[in-house]
There are 2 protein chains.
Amino acid sequence: MGQVRNILFIMADQLRWDYLGCYGHPSLKTPNIDALADRGVRFTNAYAQSAICGPSRMSFYTGRYVTSHGSTWNQVPLSVGEWTLGDYLRPLGLHVALTGKTHMASDQAGMKRLGLDPNSPDGVLVSQCGFDAQPRDDGLHPDQSVNPDLAYNDYLRRQGYDGDNPWHDWANAAQGPDGEILSGWYMRNAAYPARVKAEDAETPWMTSQAIDYIRRQGESPWCLHLSYIKPHWPYMAPEPYFSMFGTEDVLPANRIDAEKKGPHPVVGAFMKHAEGQNFAREEVRETVIPAYMALIKQLDDEIGRLMGELEAMGRLDDTLIVFTSDHGDYLGDHWLGEKELFHDCSVKLPMIVSHPEGRKGAVDDHPVEAIDLIPTFIDAVGGKVPSHRLEGRSLMPLLKGEAVRDWREMAIAELDYSHRGARLTLGLGVNDCHGWMLRDARWKYIYYQGFRPQLFDLERDPDELHDLADDPGVSDVLAGFKEALFDWLAAGRNVRANLSDEDVEARTDTWQKKGVIFGEW
Amino acid sequence: MGQVRNILFIMADQLRWDYLGCYGHPSLKTPNIDALADRGVRFTNAYAQSAICGPSRMSFYTGRYVTSHGSTWNQVPLSVGEWTLGDYLRPLGLHVALTGKTHMASDQAGMKRLGLDPNSPDGVLVSQCGFDAQPRDDGLHPDQSVNPDLAYNDYLRRQGYDGDNPWHDWANAAQGPDGEILSGWYMRNAAYPARVKAEDAETPWMTSQAIDYIRRQGESPWCLHLSYIKPHWPYMAPEPYFSMFGTEDVLPANRIDAEKKGPHPVVGAFMKHAEGQNFAREEVRETVIPAYMALIKQLDDEIGRLMGELEAMGRLDDTLIVFTSDHGDYLGDHWLGEKELFHDCSVKLPMIVSHPEGRKGAVDDHPVEAIDLIPTFIDAVGGKVPSHRLEGRSLMPLLKGEAVRDWREMAIAELDYSHRGARLTLGLGVNDCHGWMLRDARWKYIYYQGFRPQLFDLERDPDELHDLADDPGVSDVLAGFKEALFDWLAAGRNVRANLSDEDVEARTDTWQKKGVIFGEW
């Protein structure tokens, strides 16, 4: 296959893999995203490196596992020394830009240590995870911390939405039955449509920003990370999308009573979180899920508009297009809300990759990971993948449909729940809260520091309702996975990231060439 | 105890822990180093984080395990994002300087990425492992790569030693019986004294540099890393030290024939290296070891001179003094030469710490590690130890003689032998060469990727001659150590290094205070 010129890396936020038509949702029609799947390869075993925004995205943007980049949860600063997507693609001639969310916390102390002015060109890049922000918008703008220069607020003001923080007062608010203003921060208000008009909501605004960027680039190569902030909560959907879905569209929760009785301690502690308690109630699911579906429906329409513009600009023939998410949303499944833990509805990703000359309409069940994208991008534009730093591998052979014999056997995800109330419930220190998931073709194994493991047989129990870890019949399976986790840890995360494997080969036993002689008589 | 003002951090290179009088060497008298031990605490279970210069030193200078800082072998660049000793002590008001060796390879690509000029003040610090070089001298200067501005060569020239590279022609050369010039690169030439005069050898030159620095500092606080390059090979000793030791001073090699029969595969591969083959010969030991002892004897005299100067300047009362090494030297023990592997003669360190108000003449058998020094320094000058980045702990309670109930149970060291011929002998890829040592009060457990473990019972076999790993009676011990290694790896090396534990505590479940509300009905 020839090389592409451009990369369009689209990410939705908190979009469940199974809330798309092409991934089998029975009532949510997403013809535009489905059309993208028809133009490319749809991966059915794609996993986030962590099922929460910050660490998941830092893995997407660094191409490294969470333990390797070290930013284990939201707002944990990414070291100034970590290389990101732009560091790999800029030298290959692409302009690397962002519209929307990264959730990256910059390493202010690290920049200060190196005398790097955060407002200098290099400092701005380091602060924006290596992206040229066009613009950045992480999506949550409480009055206490809203940026007075927030581009979306400027836009809303120009459209006539008033107030100091129109995002909060219009996009994240509804009007109640008696005319009262209701805050999107509270899930009960997802029962009402957002005050903002559909065309002024965040999703179309970001789409327009992306289209403008692509048009401005003309024939100059680019990589654009179009990073939508929806359908992430607050679950506020504008009309007409709001009214498209109702209680009848809410699928039954994937949960059984047995999961609540003697759950794994970590899972049990998460069930006690407010979001777990609330999503356990049908009223919450019936209120929130239609709004969540409405936000996805709007996203799908905007993907359609974007694809139409790309086609009109002639970009479909020279652009690699990825559509994915950073993690899912429990929505009450397994008696949980939000995300973070390792059930598929939380950690599994939709992942569609369309190469102009790649397979069309293909479905691929290889275990793929978020960290595979940077190698894929480098490969697609003709670069060489530096495997000593990047821990994923290019998907290009799978896009071509080549037989790949040595693909990884399992996908691996991690969690650091030190910031969460579950830690306090369990009485743990901040450094005792790490968990890992290993998922191979049949099993999902989960290991939390200090607790018994979990094991699900996804062949017989695809809904992950029956934790088999106490079953004496699976002790060999458990031991095998623990050994696999040991080997993965021992392989040395973060090791030798500044020296290539080829350099090690070339240097092995060769120092005498430089005149340094030792051990010789 | 009160705070100290200054820190004198003395390191010898490749000095075995047991080649000092105070550590029990029967014929090598080191009264000056012994006197330092009488002024402080002598640790009898101190370990390097890796038994080779580069990674060992990067652990000393970063306060982090090798897997955490990622510079796993000599010349593997230390990431520009890694904090070093100076970053911790400069904000506490100390000038942080180096005389001698660091073996640090700078992260040129990382500096370029951040637009950091290597010749700018911050760039120079990053390139010198955070030290102000006064001057740096890594000790090996083959003609092919000698720095034309090498300070020691300038010194030698001023003393009348001629040539383009007087280090090579005088300090690293001998005059043979027929007047021929013999290269110190070859161990057979350790049979002759160095051409340089004793007072112009590297050790006294570096000592003088250190004394000058301390004098220049006056009453201004400082931390000086006086990092000698001897007794590291080339084993060239000047007179009169050269003639102080002879064959009669060479201790019998600590080795038995059984070690050669069916050795552990990694150890066996190291035995095949040139240094292993050569040190297996008595001729080599009888030639090299007297020269090695002579270099240590000169070092001891220079420590005496340095202490005298410190006393004359009144610095003994306000200075914390450390004397240690970066690793040892097999010298033929276990049929091995050089270092890297995990026998005590290679990985165990001499470690003497003298605090003006601490215990005097104390002997301490707690397992301590190289990474404990930075926390000790911070603690000694009254700073707060950032435990999220620094992985060791302050030795101050041990210096005071406090009862410490929760001290670590084992010391941990690592090895990446990917650059060595052993890898080729074993037919391994560059990422399959990691090893670990766990040493508790009784046992030493060693795990190499892809091979059986090793186990020594140091109570019954302090000479480490009998590998018990195949003994069915120790299977529980082996399983326990493997679990301990798993837990250590799982604890998350390099995790959350840019956010303090206190910040995590303060942030746990508190985002609602910032106006971000989720999961609430």
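Throughout, a chain's letter reflects where its sequence line sits, starting with A, and its residues are numbered from 1.
Counting heavy-atom pairs closer than 4.5 Å to chain B, the top residue among A:K482, A:H388, A:H168, A:H141 is A:K482. Ranked by non-hydrogen atom pairs under 4.5 Å with chain B, the options A:A190, A:S120, A:A274 are led by A:A274. No other option in B:R423, B:E338, B:H273 has as many heavy-atom pairs under 4.5 Å with chain A as B:R423. Most heavy-atom pairs under 4.5 Å with chain B: of the set A:M111, A:R188, A:Q108, this distinction falls to A:R188. Comparing A:W83, A:F486, A:Y447 by how many heavy-atom pairs each has under 4.5 Å with chain B, the most go to A:F486. Counting heavy-atom pairs closer than 4.5 Å to chain A, the top residue among B:S418, B:G337, B:G450, B:P234 is B:S418. Interface summary for chain A: among B:A109, B:G110, B:S145, the most heavy-atom pairs under 4.5 angstrom belong to B:A109. Highest contact tally toward chain A, considering only B:H434, B:K514, B:Q277, is held by B:K514 [criterion: heavy-atom pairs under 4.5 Å].
Within the 4.5 angstrom heavy-atom criterion, atoms from both the backbone and the side chain of A:V516 approach chain B. The contact between A:E520 and chain B is made by backbone and side chain atoms together, counting heavy-atom distances below 4.5 Å. Contacts of A:N498 with chain B are made by both backbone and side-chain atoms, with heavy-atom separations under 4.5 Å. Contacts of A:L114 with chain B are made by both backbone and side-chain atoms, with heavy-atom separations under 4.5 Å. Heavy atoms closer than 4.5 Å to chain B are found in the backbone of A:L78, but not in its side chain. At a 4.5 Å heavy-atom cutoff, the contact between A:W436 and chain B is made by side-chain atoms alone. In this structure, chain B has heavy atoms under 4.5 Å from both the backbone and the side chain of A:E505. Contacts of A:D416 with chain B are made by side-chain atoms alone, with heavy-atom separations under 4.5 Å and no backbone atom involved. For A:E502, no part lies under 4.5 angstrom from a heavy atom of chain B.
A:P142 and B:G515 make their closest contact through CB-O, 3.6 Å (heavy atoms, listed as atom of the first residue, atom of the second, distance). Nearest heavy-atom pair, A:S79 versus B:G81, reported as atom, atom and distance to 0.1 Å: OG-CA, 4.2 Å.
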Walk me through whether A:D501 and B:N431 qualify under side-chain contact (heavy atoms from CB on, under 4.5 Å). CA-CA 8 Å; A:D501 292 359; B:N431 295 310; 3.0 Å; yes

Give the intermediate values and the outcome of side-chain contact (heavy atoms from CB on, under 4.5 Å) for residues A:H419 and B:L499. CA-CA 12 Å; A:H419 285 70; B:L499 189 72; 3.7 Å; yes

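Here the side chain of A:R507 pairs a donor or acceptor atom with the backbone of B:Q75 at under 3.5 angstrom.
At least one side-chain heavy atom of A:D509 sits under 4.5 Å from a side-chain heavy atom of B:R420. Taking 4.5 Å as the limit, every side-chain heavy atom of B:R113 sits out of range of all side-chain heavy atoms of A:R90.
Contact annotation for residues 281-288 of chain B against chain A (heavy-atom separation below 4.5 Å, listed by residue number): B:R281, B:E283, B:V284, B:T287.
When each of B:F279, B:Y235, B:W233 is tested with A:F518 by the rule ring-ring contact (aromatic ring centres under 6.0 Å, His included), just one qualifies, namely B:W233.
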